Protein chains: 2
Amino acid sequence: MANQANSHQCHSMPQINCSSCRLNTLCLPISLEMKDIGKLDEIIQRGRPIQKGDRVYHAGDKFRSVYAVRSGAIKTISNTQDGQEQITGFYLPGEIIGMDGLANNSHSNTAIALETSAVCEIPFARLEELSTQLPSLQRRFFQLMSKEITNDQQLITLLSKNNADQRIASLLLSISARNHSRGLSLEDFYLPMSRSDIGNYLGLTIETVSRVFGRLHKNEIIQLDKKHVKIIDMPALRNLAFTSEKH
Amino acid sequence: MANQANSHQCHSMPQINCSSCRLNTLCLPISLEMKDIGKLDEIIQRGRPIQKGDRVYHAGDKFRSVYAVRSGAIKTISNTQDGQEQITGFYLPGEIIGMDGLANNSHSNTAIALETSAVCEIPFARLEELSTQLPSLQRRFFQLMSKEITNDQQLITLLSKNNADQRIASLLLSISARNHSRGLSLEDFYLPMSRSDIGNYLGLTIETVSRVFGRLHKNEIIQLDKKHVKIIDMPALRNLAFTSEKH
DNA sequence: CGGGTCATTGAGTCAGCTCAAGGCTCGTGG
DNA sequence: CCACGAGCCTTGAGCTGACTCAATGACCCG
């Protein structure tokens, strides 16, 4: 299934392989040599753009692939026993989704596009096979899964120990830092998700999210116009997120 | 470093290799063939018992190994930026710890024994190498990491969506089920951790944990004598954990 | 222009927190 | 053998941050 370039081309993302992708210092290929990136490229399937609300995979689907976010933004949702939805992560370009499916050979989460997005599908059986030949790819994938674990554990800590202000501040800083690593602004960005998504993710109600944003705005820590965020006072935001003054 | 059996023997666990370990249907060797288990055995280092409070590894330590819990119980703790501690997991025999260390090549958590325990140390470099030769071992390790991810996500959901009663009920059911998978009783077991550990893990204060236990006891859902738990009304406990009646 | 979605703002409530006191258990030393 | 202290746990009383409920505002799309 070698990739016959142009038939798959996506107008928003004209590059067609990992070697030329501007995200290849973040994504799966990191630490691979050029010739090995070529091998990886051969197994990756680049799909057409997916629209806001479309699903990349659905909870219960047989696990076949993991996916690299190429553009846009994706949320992953896990369903509780009693039918509630919990957002377990927001994923930006260069990040990998779908690793939840390995445990039971079926996805435990649903992945939904927050805006028009593109993903690279990486069939897992072929990635697995290639990993036995390329130790650095195997290592890289282990690392990505470990990163996912440590991210989840940070969220656990956030939910367990931090109040509403600290949770929102941490989320803003996380998105800011991840944007920055992709060469975008540290202070000025758009939130791809709704207030309701933020509340669900952080274990808060939509009203609380709104009030905290209002407070951050009033205290001149951020500027806010709907989903457009400008961080005005980065030290104050960091102080808010990382200092435990419950009072 | 082939294992010269008896020198390492631990009196509480006379079996000395994976092939004869009663946990080998839970632990890393699952799905490996007999001869492959032998290869895995050769790289595993079995340590002497560790005492309550001893550390298996410490946050910041260079990542060298993952560890299989052989007996006893281990908690893992992650430190927040401002010096608080968050327990991210309790690990029982047959479960693997240390996979947090892969992401940055140094452990982000500290692992501490909750009681006298024994662990099998699995040097990661050798596991990695062996994984390129044994695809089913590679797959197994991917699965274990994925399982860790889905476990963490369940905890996220618990913290984000469930009240104190539901959190405690879920923890009891989780320990009960994991004991059961090791051939122990579903209804009757000892909690290896303190009330304070439970509170830390579940994002509750020690007082709340105590009150919830009192309530479960009063409602004749569990019997409780210090750390000894007997589940009397399993359906009621399940109903409590899995039903969203916030009122 | 009307209807739907999403966000903001206000008022009152409550689950779990804080603070405080006291009980149980176990090990140590007189 | 008992007294004492240290940990750990339980119980009570009052407080508060985030929730619920409700109303209103802003924007988009047909």
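We name chains A, B, ... by the order of the sequence lines, and we start the count at 1 in each one. Since this is a predicted model, take the numbers as computed values, not measurements.
Between the C1' atom of D:dC9 and the CG atom of B:Asp225 lies a distance of 12 Å, rounded to the nearest Å. With rounding to whole Å, A:Arg211 atom CZ is found 17 Å from D:dG25 atom P. Put simply, NZ on B:Lys161 is 16 Å from P on D:dA18, counting in whole angstrom units. If you take CD of A:Glu207 and C1' of D:dG25, they are 15 Å apart, rounded to a whole angstrom. Atom P of nucleotide D:dG17 and atom CG of A:Leu204 are separated by 14 Å, given to the nearest angstrom. Atom CD1 in B:Ile206 sits about 17 Å away from atom P in C:dA20, given to the nearest Å. When rounded to the nearest whole Å, the span between CG of B:Leu191 and C1' of D:dC9 equals 14 Å. Nucleotide C:dA15 holds its P atom 12 Å from the CD atom of B:Gln166, rounded to whole Å.
In this pair, A:His107 and A:Tyr67 present their aromatic rings tilted. The plane angle is within the 30 to 60° band.
Ranked by how close their nearest DNA chain D nucleotide is to the 5' end, B:Lys227 and A:Arg215 are led by B:Lys227.
Residue B:Thr205 places none of its side-chain N or O atoms closer than 4.0 Å to OP1 or OP2 of C:dG16. A:Arg195 has a side-chain polar atom (N or O) that falls below the 4.0 Å cut-off from OP1 or OP2 of C:dT8. The phosphate of C:dG16 (OP1 or OP2) has no side-chain N or O of B:Thr208 nearer than 4.0 angstrom.
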Would you sort out whether A:Asn109 and A:His58 count as a side chain to side chain donor-acceptor pair (under 3.5 Å), showing the intermediate values? CA-CA 6 Å; A:Asn109 290 341; A:His58 193 281; over 6 Å; no

Given the rule in the side chain to side chain contact (heavy atoms under 4.5 Å, CB included) test, do A:Gln223 and A:Val229 qualify, once you have shown the distances and angles that lead to the verdict? CA-CA 6 Å; A:Gln223 259 179 33; A:Val229 176; over 6 Å; no

Tell me, with the steps shown, if A:Glu121 and A:Ser65 meet side chain to side chain donor-acceptor pair (under 3.5 Å). CA-CA 6 Å; A:Glu121 177 172 357; A:Ser65 301; 2.7 Å; yes

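Using a 4.0 Å cut-off between a side-chain N of Lys or Arg and a carboxylate O of Asp or Glu, B:Arg178 and B:Glu95 qualify as a salt bridge.
Within 4.0 Å of B:Gly199, counting heavy atoms only, lies no atom of the nucleic acid at all.
When the nucleotides C:dA7, D:dT11, C:dG16 are ranked by their closest atom to the side chain of A:Ser194, C:dA7 comes out on top. Among the nucleotides D:dC28, C:dG16, D:dC9, the one closest to any side-chain atom of B:Asn163 is C:dG16.
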